[in-house]
Amino acid sequence: MGDLPAHIGIIMDGNGRWAKLRGLPRIEGHRCGEESIMVTVRACARLGVKYLSLFAFSTENWERPEEEVAFLVGMSRDMLRRRLDEFMSLGVRMRHLGRRDGIPDHILAWFDLAEKATAANEGLTLCINFNYGGRGEILDAAARLAGNARREEIMPEELDEELVKSEFYFPGLPDIDLLIRTAGEMRISNFMLWHCANSYIHVSPVLWPDFREPHLKEAIDHYKRISEESESDF
Ligand code: IPE
Ligand code: IPE
Ligand code: MG
């Protein structure tokens, strides 16, 4: 078997379908997704995965009904509030990835507080992609690089991948080795386009609120198998 993936990205999808199947409002699916997040964080921390990036709210998700948006925005803060002590005891370092513009200040304050409180932790790095879009991240980096070039801090011919990455939301973040999407759809949905350039993809039929450790292990085993097979092709 191949190595453990160092960086796992998850497109956590299917909360709405999970709720609908039970005749519940969509927000109940999001509420129950918190347990799946915690199960996944604990398992990744224990297994020794170095980075976990979770797609929690996309730049496109603002188009959803107002009540659902309000719930998702509030839930991100409440979750950090509820789980910060556990992140500390697990040695988890938390980072927010996404555009700050558009996120209410009282939510950003919690992202900042959790980042600061966990900054020295040396276990799993947990990236929360919130108000995140893959194209937006590349565009934001391009805009800053153009500004740097205009001020003659960099020369256009110096531009390389390292310089582009240095302007991303989290400059030191490595590429995603294993991309998991739940709820069966085979789409990227504008998630970490740069970091997924060479990722292995595991699509699970399981709806996110039902996602548990065996489903994560299945994805990791799939990754170990296929990454080893492709290495032995050379
Ligand atoms: C994913 O579940 C959670 C977010 C996008 C925040 P959905 O809410 O997209 O669930 P489905 O796709 O409607 O089932
Ligand atoms: C992707 O799920 C975004 C998140 C998981 C936050 P969506 O349900 O919003 O994406 P689409 O609509 O399938 O592209
Ligand atoms: Mg969806």
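In each ligand, atom 1 is the first atom listed, and ligand 1 is the first ligand listed.
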Exercise for the section: Give a yes/no on ligand 1: does A183 have at least one heavy atom closer than 4.0 angstrom to it? Expected result: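 A183: no contact with ligand 1 (<4.0 Å).
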
Practice task
Identify, by atom number and element, the atoms of ligand 2 in contact range of F57, meaning under 4.0 Å from any of its heavy atoms.
Solution key: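 With F57 as reference, the close atoms of ligand 2 come out as 6 (C).
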
Exercise for the section: May I ask whether L80 and L52 are part of the same hydrophobic cluster, defined by side-chain heavy atoms of I, L, V, M, F, W, Y residues being less than 4.5 angstrom apart, directly or through others? Expected result: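 Yes, L80 connects to L52 through the hydrophobic network.
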
Exercise for the section: Spell out, yes or no, whether I8 and Y132 are grouped together once hydrophobic residues are joined by side-chain heavy atoms under 4.5 Å, including indirect joins. Expected result: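 No, separate clusters.
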
Quick one: look at [X] and ligand 1, take heavy-atom pairs under 4.0 Å, and tell me if it's side chain, backbone, both or neither.
{"X": "L207", "result": "neither"}
{"X": "R26", "result": "side chain"}
{"X": "A56", "result": "backbone"}
{"X": "M75", "result": "neither"}

Practice task
For L207 and A183, work out which heavy atoms get closest and say how close.
Solution key: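 Taking every non-hydrogen atom into account, CD2-CB, 3.8 Å.
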
Handout entry: Nearest non-hydrogen partners of A6 and V49, listed with the distance
Key = O-CG1, 3.8 Å

Practice task
Could you list the atoms of ligand 1 found under 4.0 angstrom from a heavy atom of G16?
Solution key: 7 (P), 8 (O), 10 (O), 11 (P), 13 (O), 14 (O)

Problem - Approximate separation, where rounding is to 0.5 Å, of S204 OG and I180 CD1 - result: 8.0 Å

Practice task
Kindly compute the distance separating CD1 (I107) from CG (D112), expressed to the nearest 0.5 Å.
Solution key: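 Here the interatomic distance stands at 11.5 Å.
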
Parallel, tilted or perpendicular, as decided by the 30° and 60° cut-offs, for the rings of [Y] and [X]:
{"X": "F130", "Y": "F57", "value": "parallel"}
{"X": "Y223", "Y": "Y200", "value": "perpendicular"}
{"X": "H215", "Y": "F211", "value": "tilted"}

Handout entry: Any H30 heavy atom less than 4.0 Å from ligand 2
Key =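 It does not; every heavy atom stays at 4.0 Å or beyond.
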
[atom] - nearest protein heavy atom and its distance:
{"atom": "atom 2 (O) of ligand 2", "answer": "D13 OD1, 3.9 Å"}
{"atom": "atom 9 (O) of ligand 2", "answer": "N61 ND2, 3.0 Å"}
{"atom": "atom 10 (O) of ligand 2", "answer": "S189 OG, 3.6 Å"}
{"atom": "atom 1 (C) of ligand 1", "answer": "M12 O, 3.0 Å"}

Nitrogen or oxygen of [X] less than 3.5 angstrom from that of ligand 1:
{"X": "R64", "result": "yes"}
{"X": "R17", "result": "yes"}
{"X": "L72", "result": "no"}

Exercise for the section: Output yes when K217 and E213 qualify as a salt bridge under the 4.0 Å nitrogen-oxygen rule, no when they do not. Expected result: yes

Problem - N-O pairing of D177 and K50 below 4.0 Å - result: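 So D177 does not pair with K50 through a salt bridge.
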
Practice task
Write the atom name of the N, O or S atom in D13 that is nearest the Mg ion (ligand 3).
Solution key: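 Result: OD1.
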
Handout entry: Identity of the nearest option to atom 12 (O) of ligand 2, non-hydrogen atoms only, from E60, E185, R187
Key =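 Selected option, by shortest heavy-atom distance: R187.
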
